Each structure stands twice: as structure tokens, then as C-alpha cells.
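Basis for what follows: all heavy atoms, side chains included, without hydrogens, waters or symmetry-related copies. Residue numbers begin at 1 in each chain, while the letters A, B, ... track the order of the sequences. What you see is a predicted model; the values in this text were computed from it and never measured.
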Number of protein chains: 2
Amino acid sequence: MGSKQMTEMLKGTLEGIVLAILAGQPAYGYEITARLRDQGFAEIAEGTVYALLVRIEQRGLVDVAKVPSEKGPPRKVYSLNAQGRTELEEFWKTWSFLAERIEQLHRTDAAPQDTATTEAGE
Amino acid sequence: MGSKQMTEMLKGTLEGIVLAILAGQPAYGYEITARLRDQGFAEIAEGTVYALLVRIEQRGLVDVAKVPSEKGPPRKVYSLNAQGRTELEEFWKTWSFLAERIEQLHRTDAAPQDTATTEAGE
DNA sequence: TACCGGTACATAGCAACACTGAATACCAAA
DNA sequence: TTTGGTATTCAGTGTTGCTATGTACCGGTA
């Protein structure tokens with residue numbers, strides 16, 4: 001992965017992904033990056049996650065607590081607040097709206113396609 | 001809709017949407033815009049579509065034919081070529097990868113949440 | 001004729017976002 | 001001391017969709 005397509009597709013969705021992760025439980029940047037990697041997003045740069053966290057903090061979607069770490073500099077633990085949960089709900093609505101229409105296009109335009117295409121194989 | 005979230009989410013997906021439309025049959029810009037509106041994307045600006053068409057043409061994903069119109073200036077009819085079909089397949093792969101993980105997050109993090117209606121809504 | 005509205009395309013300037021690459025800081029083990 | 005894992009930050013870049021505007025073609029109408 002790590003394609004340009006993925007990079008562009010993550011715009012707008014990565015924020016929702018992180019909010020959803022934080023909805024499960026508070027977390028700090030380094031941890032979120034690691035969790036994203038575990039979930040298959042191997043190519044998301046650390047700097048991207050930190051910049052995103054700064055943004056959602058400035059927009060008041062999360063509360064922040066500085067917690068000392070045994071292994072390095074202090075962690076900034078982010079937790080979703082009420083405004084963040086509202087934003088997350090909005091995200092799911094927007095996502096569902098878009099996903100429904102795209103899936104419909106997928107079905108429609110994949111219909112003439114079967115297993116192996118005969119014409120113009122590539 | 002027309003939210004800022006939707007604007008960001010369309011980045012990276014709108015191109016795929018248009019490619020999918022063109023996979024069905026050739027079309028020109030004004031027509032594509034109209035079709036998008038029919039499919040619920042009421043807020044997509046005309047200029048956005050035209051700019052996108054310029055881009056995918058320059059990247060060699062489509063062939064173009066100028067066709068006279070009875071009602072206005074000549075139409076630029078775009079048709080998906082082999083390279084465009086390859087790009088569309090890539091798009092579906094990237095989309096599926098992303099959609100699967102986001103849907104999983106949706107299931108996971110929507111579990112403790114309860115909105116107005118019961119959670120077993122569907 | 002002059003004007004309006006629908007059709008059809010194009011573009012300059014802007015805002016938002018993810019990525020690259022580098023720097024900083026803390027600590028433990030080699 | 002140096003290496004490596006932990007943890008955060010930031011300047012600069014490229015891509016994208018939106019706004020706003022302009023151009024062009026045509027039929028109908030006052």
C-alpha cells in the first residue's frame with residue numbers, strides 16, 4: 001500500500017478513524033500510530049498522526065492529560081469529549097452516505113465484469 | 001450535506017466515483033455533474049468536476065472526443081481507456097481496504113453507543 | 001434588436017489535509 | 001559513549017475540492 005490513492009483517500013477519513021479509536025479508550029500519539037499499524041495502516045507517518053491530534057485538540061474535540069512515561073518523554077493522552085463524540089457521529093453519517101453510494105457504483109459498474117475480463121485485460 | 005467533512009472525504013474518492021461513472025459509458029462534464037446530483041451528491045460544484053476531468057485526461061486515464069451540441073458549445077466526451085480501467089481497479093482495491101477497516105471500527109466503537117433508536121435498528 | 005436562461009467548459013485563488021524529513025527529548029543497555 | 005526504542009513537534013511540499021468568475025453557444029421572448 002502507501003499508494004497516492006490511499007494518501008488522498010485518507011483525507012477526511014483519518015480523522016474519523018482516530019476519533020473512533022479514541023472513542024474506545026484514551027490514547028497518546030505514539031500509541032495511536034502503533035494501533036493503526038496493527039490494524040493494517042502500515043504506511044501512516046507518525047508526523048501525520050501528531051499533526052492531526054494538534055488539530056482536533058485545537059478544535060476542542062478532545063481533552064488532553066500529560067502523563068509521565070517510564071521510557072521517554074511525557075505522553076500526551078487524548079480522550080474524546082462530548083464535542084468529539086458529536087463530531088464522530090457526524091463522521092459516521094457522512095461516511096455512511098458516501099460509502100453507500102460508492103458501493104452502489106461498485107455493484108453497478110462491476111456488473112459486466114466477472115472473474116477474468118475478456119477484452120482489454122489491462 | 002455539503003459539510004466540511006464531506007469535502008475532505010471526497011478527496012481521493014471523487015476521482016474513483018467519476019472513473020466508475022465513465023466505466024459504465026462515456027460522458028461529458030456537464031452530464032457527469034448532473035448524474036452526480038441525481039445520485040445524491042448535490043453539493044459537488046461544476047468547477048470541481050471539470051478540474052478533475054482535466055487531471056485524469058492529463059494522466060492519460062481517458063480518451064476525449066469533441067462532439068457538437070444542439071444546445072450549446074461542443075461537448076468534450078470522455079471515455080475510460082485501458083489505463084483508466086487499471087486505475088479504477090486500483091481504486092476499488094484501495095477503497096475496499098479502507099472501507100473494511102473503517103466498518104470494523106464502526107462496529108467496534110458503535111457497540112457501547114446508543115442513539116435515539118435501538119441499536120438493532122436494522 | 002436586446003435580453004434572459006439553460007447548456008457547456010475553463011480557471012485563478014483559497015483552504016484543508018497527509019507526507020517528507022528533520023529535530024528534540026528521555027531513558028536503558030551495549 | 002553510542003545505539004536504539006520511546007515520544008513529541010514542526011517547516012515545507014503536493015494534491016485536492018471549493019468559490020467565484022468568465023467565456024461561449026443557442027432558443028425564446030419582449
Side-chain angles (χ1 to χ4, degrees), chain A residues 1-19 26-37 41-59 62 64-78 87 91 94 98, chain B residues 1-19 26-37 41-59 62 64-78 87 91 94 98:
Chain A
M1 307 290 131
S3 61
K4 197 159 79 73
Q5 273 186 345
M6 180 60 86
T7 293
E8 293 306 322
M9 224 180 270
L10 281 173
K11 292 182 181 178
T13 56
L14 184 56
E15 179 184 304
I17 290 170
V18 170
L19 291 180
Y28 55 98
Y30 193 82
E31 182 186 7
I32 293 171
T33 304
R35 208 171 299 181
L36 286 171
R37 297 207 195 289
F41 297 104
E43 313 285 346
I44 294 180
E46 274 195 272
T48 299
V49 175
Y50 285 114
L52 194 159
L53 290 172
V54 168
R55 261 181 272 137
I56 65 178
E57 179 186 357
Q58 286 176 344
R59 284 166 52 204
V62 287
V64 190
K66 212 155 210 169
V67 176
S69 165
E70 301 165 355
K71 295 185 172 182
R75 298 164 174 168
K76 285 182 72 176
V77 176
Y78 296 83
E87 184 80 1
F91 169 75
T94 306
L98 185 60
Chain B
M1 304 286 130
S3 61
K4 198 159 76 77
Q5 274 185 343
M6 180 60 86
T7 294
E8 292 305 321
M9 231 180 266
L10 282 173
K11 295 184 180 177
T13 56
L14 184 56
E15 178 184 304
I17 291 170
V18 170
L19 291 180
Y28 55 99
Y30 193 81
E31 183 187 7
I32 293 171
T33 303
R35 207 171 300 182
L36 286 171
R37 297 207 197 286
F41 298 104
E43 314 283 347
I44 294 180
E46 269 195 274
T48 298
V49 175
Y50 286 115
L52 193 158
L53 290 172
V54 168
R55 262 183 270 137
I56 65 178
E57 179 185 358
Q58 286 176 344
R59 282 167 53 203
V62 288
V64 190
K66 212 154 211 169
V67 178
S69 166
E70 302 165 355
K71 295 187 173 182
R75 300 165 173 168
K76 285 181 71 175
V77 176
Y78 296 85
E87 183 80 1
F91 169 74
T94 306
L98 186 60

TODO: Show your reasoning for whether side-chain hydrogen bond (donor to acceptor under 3.5 Å, both in side chains) applies to B:Thr33 and B:Glu46.
DONE: CA-CA 6 Å; B:Thr33 303; B:Glu46 269 195 274; 5.0 Å; no

Open item on the list: By the 4.0 Å heavy-atom rule, please label A:Thr48 as base, sugar-phosphate, or nothing.
Closed with: base

Task: Among D:dC18, C:dC9, C:dA18, the one nearest A:Leu10 by side-chain distance - done: C:dA18

Open item on the list: Using 0.5 Å steps for rounding, measure from the OG1 atom of A:Thr13 to the CD atom of B:Gln5.
Closed with: 11.0 Å

- [ ] Tell me which of A:Val77 and B:Gly47 sits closer to the 5' end of DNA chain D, going by the nucleotide each one is nearest to.
- [x] A:Val77

TODO: Would you mind classifying the nucleic acid contact of A:Glu31 as base, sugar-phosphate or nothing, using non-hydrogen atoms under 4.0 angstrom?
DONE: nothing

Task: Touch class at under 4.0 angstrom, heavy-atom based, for B:Leu14 against every strand present - done: sugar-phosphate

TODO: Could you please spell out the steps behind the salt bridge (Lys or Arg N to Asp or Glu O under 4.0 Å) verdict for A:Glu87 and A:Arg59?
DONE: CA-CA 10 Å; A:Glu87 184 80 1; A:Arg59 284 166 52 204; 2.8 Å; yes

Task: Closest to the A:Lys76 side chain, choosing from D:dC18, C:dA18, D:dT9 - done: D:dT9

Task: Distance-only donor-acceptor test, B:Lys4 side-chain atoms vs C:dA16 base atoms, 3.5 Å - done: no

TODO: Measure the CG-CD distance between A:Leu53 and A:Glu15 for me, rounded to the nearest 0.5 Å.
DONE: 10.5 Å

Open item on the list: Is the phosphate of C:dC9 approached by B:Tyr28 (side-chain N or O, under 4.0 Å from OP1 or OP2)?
Closed with: no

Task: Nearest-nucleotide pick for A:Tyr50, side chain only, options being C:dA10, D:dA7, D:dT16 - done: D:dA7

Open item on the list: Counting only heavy atoms and a strict 4.0 angstrom limit, can you tell me which residues of residues 66-75 of chain A come near DNA chain C?
Closed with: A:Glu70, A:Lys71, A:Gly72, A:Pro73

Open item on the list: Distance check needed: C:dA23 C1' versus A:Glu46 CD, whole Å only.
Closed with: 13 Å

Open item on the list: Check this for me, if you would: do A:Arg35 and A:Glu31 make a salt bridge, where the nitrogen-to-carboxylate-oxygen distance has to be below 4.0 angstrom?
Closed with: yes

TODO: Name the closest nucleotide to the A:Glu8 side chain, picking from D:dT15, D:dT9, C:dA8.
DONE: D:dT15

TODO: Measure the OG-NZ distance between B:Ser69 and B:Lys76 for me, rounded to the nearest 0.5 Å.
DONE: 15.0 Å

